[in-house]
Amino acid sequence: MKKFCLVSLLIAVTLLPACWDRTEAERLGVVHVVALDKSPAIPRGVKVTVQVINTRGITAGGGGGGGGGGGGIQPGLTPFVNLETSGSTLFEAFRNLSQTSPRRLFFFHTRAVVVSEELARDHGLGKVLDFLDRNVQIRRTVWLLVARSADIKNILNTLPQFEPTVGQTINRIISERSLSTRYAPERVLDFMRCLQVEGGDPFTAGLRLVGSNRNLRLENTAVFRRDRLAGWLNSRETRGLLWIRGRVKGGPITIPCGQGGSFVSTEIKKTFTSVKPEIRNNQIIMHVSIRIRSDLTETQCPAAFDPETYHMLEQKQNRVIKSEIQAAVTKLQDLKSDALCFGEAIHRRYPGRWKVMKGRWHDLFPSVQVVIKVQSKIGQSGLVQSPAKIKNR
Amino acid sequence: MSFFKRLINKPKKKFTGETAAGSTPLQYGKPYSSDDIKAVGISSDLEENYNNIKSILGHSVDIIMRKFKLGASNQVEAFLLYVDDFVDLELVSDNVLTPLVTVKVEPKTGNLLKHLMNEAITLGEININTDLHLTLQEVLYGNVALFVDGEDSALSISAKKFPHRPVADSVIEPVVRGPREAFTEILAINTAMVRRRMKDPNFVIESIVLGKRTKTSLAILYFKGIVDPDLVSEVKHRLNNIEIDGVLESHYLEELIQDSPFSPFPQIGNTERPDRVVSALLQGRVAILTDGTPFALWVPARLGDLLQSPEDYYQGYMVATVLRWLRFLAFGLSVVLPSLYIAITTFHQEMIPPTLLISIISFREGVPFPAFVEALIMEVTFEALREAGIRLPRPVGQAVSIVGALVLGQAAISAKLVSPLMVIVVAITGIASFMVPAYTLGLAFRLMRFPLMILAASLGLFGIMGGIILLLIHLTSLRSFGAPYMAPLGPTYTYEFKDTLVRAPWWAMTTRPSMGRANWRRQPRNKKPEPPPAGGDTQ
């Protein structure tokens with residue numbers, strides 16, 4: 001009897017649930033990019049555009065016999081479909097998408113959330129982030145990017161050459177970011193963490209279309225004052241920001257050498273940053289010290305490569321880095337955005353004084369003095385010592 | 001109606017297997033129990049014996065009863081009884097008939113049969129029986145019986161010769177390197193093959209007879225001094241408890257002596273390789289050879305033992321270890337792969353890498369069935385193909401492989417009945433399940449796949465987890481002749497890991513597994529081959 005009960009219980013457990021929450025893979029619409037903009041119709045509403053993979057537009061391997069032979073994309077079908085709705089809340093808007101989508105939208109594989117510059121400036125990202133935080137499907141490790149409102153539609157309609165979708169393209173580009181270190185993308189997770197600490201403002205990279213081919217390009221950095229967009233840093237200032245945040249992992253440094261117009265390039269190999277606050281006579285001084293090791297990768301100067309030259313180059317490299325950092329600090333102090341997280345450093349060092357300061361930190365921040373110290377070492381120059389001499393020029 | 005009535009009022013006759021004892025006179029065509037025959041006995045009247053035997057054996061055409069006159073002078077009536085083609089006729093003619101016809105028979109020289117046995121017959125295995133039943137039994141095993149007028153006993157002479165297959169290569173457990181020969185259907189040849197590998201006097205082959213009708217001989221093999229004596233008596237006890245009509249294959253016994261009769265998992269190992277039997281005996285196991293089948297049984301057999309191949313010991317230990325791990329992996333895959341595929345593609349798509357998900361979606365585009373049905377179709381097809389592959393007559397083999405590979409594989413995909421990924425999954429599962437060296441174990445786990453697939457389709461990964469937990473609970477509760485089935489993992493015997501999780505080199509395997517605890521140390525330690533100590537024997 002006991003056995004019978006057990007067996008019937010087992011059968012009931014297996015058969016009664018009857019696959020109620022089953023979704024076959026082909027019923028899913030895999031979303032790769034979510035774009036958020038101000039809704040033109042609903043005041044303070046959000047316009048949501050999602051890019052859904054259209055698997056019929058991607059011939060995977062060669063399963064289908066009907067598609068064209070060689071081409072990766074079947075004629076007449078795009079590899080993705082963009083769906084668009086609006087709503088007063090994001091959740092409402094996302095659910096309204098099901099009115100247009102025959103497939104259940106699947107956000108687990110979302111690669112990037114693109115927020116329009118206008119939404120970020122006028123509404124702030126607070127409500128967007130709350131939704132991204134609560135939503136189970138959109139992972140918090142997704143990249144958050146800022147684009148101009150006018151660009152968003154075009155960005156989503158770009159037909160990327162290498163990857164099947166825009167989302168994939170963005171993701172792959174970002175994964176190679178330390179080759180240039182000219183833009184500073186942030187994951188939703190880090191962006192939110194930055195908002196939750198007191199002294200520090202978030203930033204993230206911008207997304208644009210460039211050139212006549214309208215290629216996607218990640219460039220510059222959008223800096224925020226709390227959750228609102230404050231302004232943009234150019235690529236030089238972005239590098240400066242990343243120096244102070246200790247997030248430079250690679251990328252080129254261009255050093256002018258001797259005669260006008262000639263340059264030497266080095267590649268960043270290893271960096272170390274320390275930021276130490278000091279309060280002297282009510283003046284906040286930040287001591288930023290950077291140690292860097294780089295390799296020589298290119299030279300346009302015919303100078304012989306002896307230790308003195310190296311030493312000279314190192315001094316010049318120090319100046320370049322220093323000027324990048326200085327530019328970033330000046331710009332951020334202008335924008336009153338503490339993307340450098342100086343506040344946090346002060347909070348740690350002087351927790352008592354911070355309590356007094358934190359209320360008016362955004363007003364104090366522009367008056368912070370920054371002392372920059374750079375120590376650099378240029379190492380290997382490859383197998384080539386001195387540059388090739390071109391005779392009888 | 002009357003049919004149902006008959007069903008309800010089933011006659012409650014007790015089936016004894018024997019018919020009621022009939023007393024003399026013996027009738028032709030009537031079944032006789034052993035007691036009947038014993039009651040008849042051997043008469044001193046030759047003619048009566050002749051007629052009795054004729055009646056008992058039912059005038060079978062293969063029973064030869066050759067009447068002749070014994071002795072050169074003072075001739076005495078006698079007859080030989082044997083089964084046609086069971087005896088070596090040449091041997092009988094040279095060593096029995098000829099001397100018997102020419103022997104000098106003195107009238108009333110004490111025991112005539114003893115005299116013949118000592119003076120006339122020149123064969124080794126010979127004895128005097130007073131019991132008719134025993135005599136007939138021996139005749140049916142292939143002996144020749146001699147009945148002499150005036151004697152109330154008979155001579156039983158062994159001159160066996162069976163029609164049999166020669167020793168051939170192992171078909172079920174082939175190896176690349178290692179002995180090739182496999183057992184045959186003849187018990188005596190099989191025991192000889194084992195004995196040839198073990199010349200120790202402590203190696204014991206005991207015999208018992210099972211099967212009320214077939215009277216099949218079994219041999220119980222063990223190694224005195226290594227084996228646990230309790231295990232031997234347990235094996236004998238279980239075998240002696242068997243009451244069955246016939247034993248045609250060792251599996252008949254397996255089902256009657258295994259510890260958990262309701263489990264799909266084999267708790268007794270079987271092999272057709274003499275070397276595997278010897279290795280089992282040396283580990284302290286007991287082997288049972290059955291006449292009429294090349295498959296020997298060995299007990300106790302645990303899950304880990306069934307995952308080992310004899311070839312593990314015939315090649316380098318590093319290779320063998322890696323192959324063993326590969327086998328573990330394949331073993332796991334063969335159980336869970338299809339259900340994992342179902343669960344992940346229908347419930348947990350977020351676990352699939354993005355690019356793979358896209359290809360799964362595009363492959364499944366247009367497939368009308370849910371993944372579970374798709375998997376079921378393919379699995380059933382695969383099982384059917386496998387079964388057909390074994391059963392089919394050789395000449396049509398090619399037809400089936402064409403149908404299987406082309407029609408069912410390629411065409412099913414083109415027709416969008418199944419997705420190519422599912423075919424890959426089923427193919428991997430199939431290959432993996434064939435990697436399990438014990439065929440019976442592979443079958444059992446192949447069976448387990450289907451309930452797991454149902455669980456996966458209804459409860460997702462949660463269901464698979466539950467299924468695996470139930471499976472593990474069952475496996476850990478099993479025993480094989482008292483040995484825990486999951487040992488050395490279930491109860492952890494760390495000293496057995498060296499020959500379960502890995503295959504340690506021979507110089508490191510110095511102790512026997514748990515069933516050989518009676519004589520635990522197999523060989524001395526520190527026998528690793530090493531160069532001689534420096535400066536040792538330089539000249």
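Order of the sequence lines fixes the chain letters, A, B, ..., with proteins taken first and strands second; residue numbering starts at 1 for each chain.
- A distance-only check finds a donor-acceptor pair linking the side chain of A:H109 to the backbone of B:I352 [under 3.5 Å].
- To the nearest 0.5 Å, atom CZ of residue A:F108 and atom NE2 of residue B:H348 are 10.5 Å apart.
- Of the two parts of B:P353, only the backbone, made up of N, CA, C and O, holds a non-hydrogen atom closer than 4.5 Å to a non-hydrogen atom of chain A.
- Of the residues considered (B:L470, B:I454, B:L357), B:L357 shows the highest number of contacts with chain A, using heavy-atom pairs under 4.5 Å.
- Counting non-hydrogen atoms of neighbouring residues, nucleotides and ligands closer than 6.0 angstrom, the CZ atom of A:F131 exceeds 12 such neighbours.
- In this structure, a donor-acceptor pair under 3.5 Å is present between the side chains of B:E365 and A:T55.
- The two residues A:L28 and B:I361 have their closest heavy-atom pair at O-CD1, 4.1 Å.
- Within a 6.0 Å radius of CZ in B:F450, more than 12 heavy atoms belonging to other residues, nucleotides or ligands are found.
- More than 12 non-hydrogen atoms from other residues, nucleotides or ligands lie less than 6.0 angstrom from CD of A:Q137.
- Within a 6.0 Å radius of CD in B:E243, no more than 12 heavy atoms belonging to other residues, nucleotides or ligands are found.
- Atom-to-atom distance recorded for B:T346:OG1 and A:E24:CD is 5.5 Å, nearest 0.5 angstrom.
- Between A:R111 and B:P354, some side-chain heavy-atom pair lies under the 4.5 Å cut-off.
- A 6.0 Å sphere centred on CZ of A:R103 holds more than 12 heavy atoms belonging to other residues, nucleotides or ligands.
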Step-by-step side-chain contact (heavy atoms from CB on, under 4.5 Å) determination, B:E350 to A:V136
CA-CA 11 Å; B:E350 66 274 10; A:V136 186; over 6 Å; no
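- Residue A:F107: no heavy atom, backbone or side chain, is found under 4.5 Å from chain B.
- For chain A, no part of B:I344 is nearby; none of its heavy atoms comes within less than 4.5 Å.
- Of the atoms belonging to A:I53, it is side-chain heavy atoms, and not backbone ones, that fall under 4.5 Å from chain B.
- Looking at B:I342, neither its backbone nor its side chain comes within 4.5 Å of chain A, counting heavy atoms on both sides.
- Counting only distance, with no hydrogens or angles, the side chain of B:Q349 and the backbone of A:T23 share a donor-acceptor pair below 3.5 Å.
- Contact of A:R27 with chain B is not made at all, since no heavy-atom distance falls under 4.5 Å.
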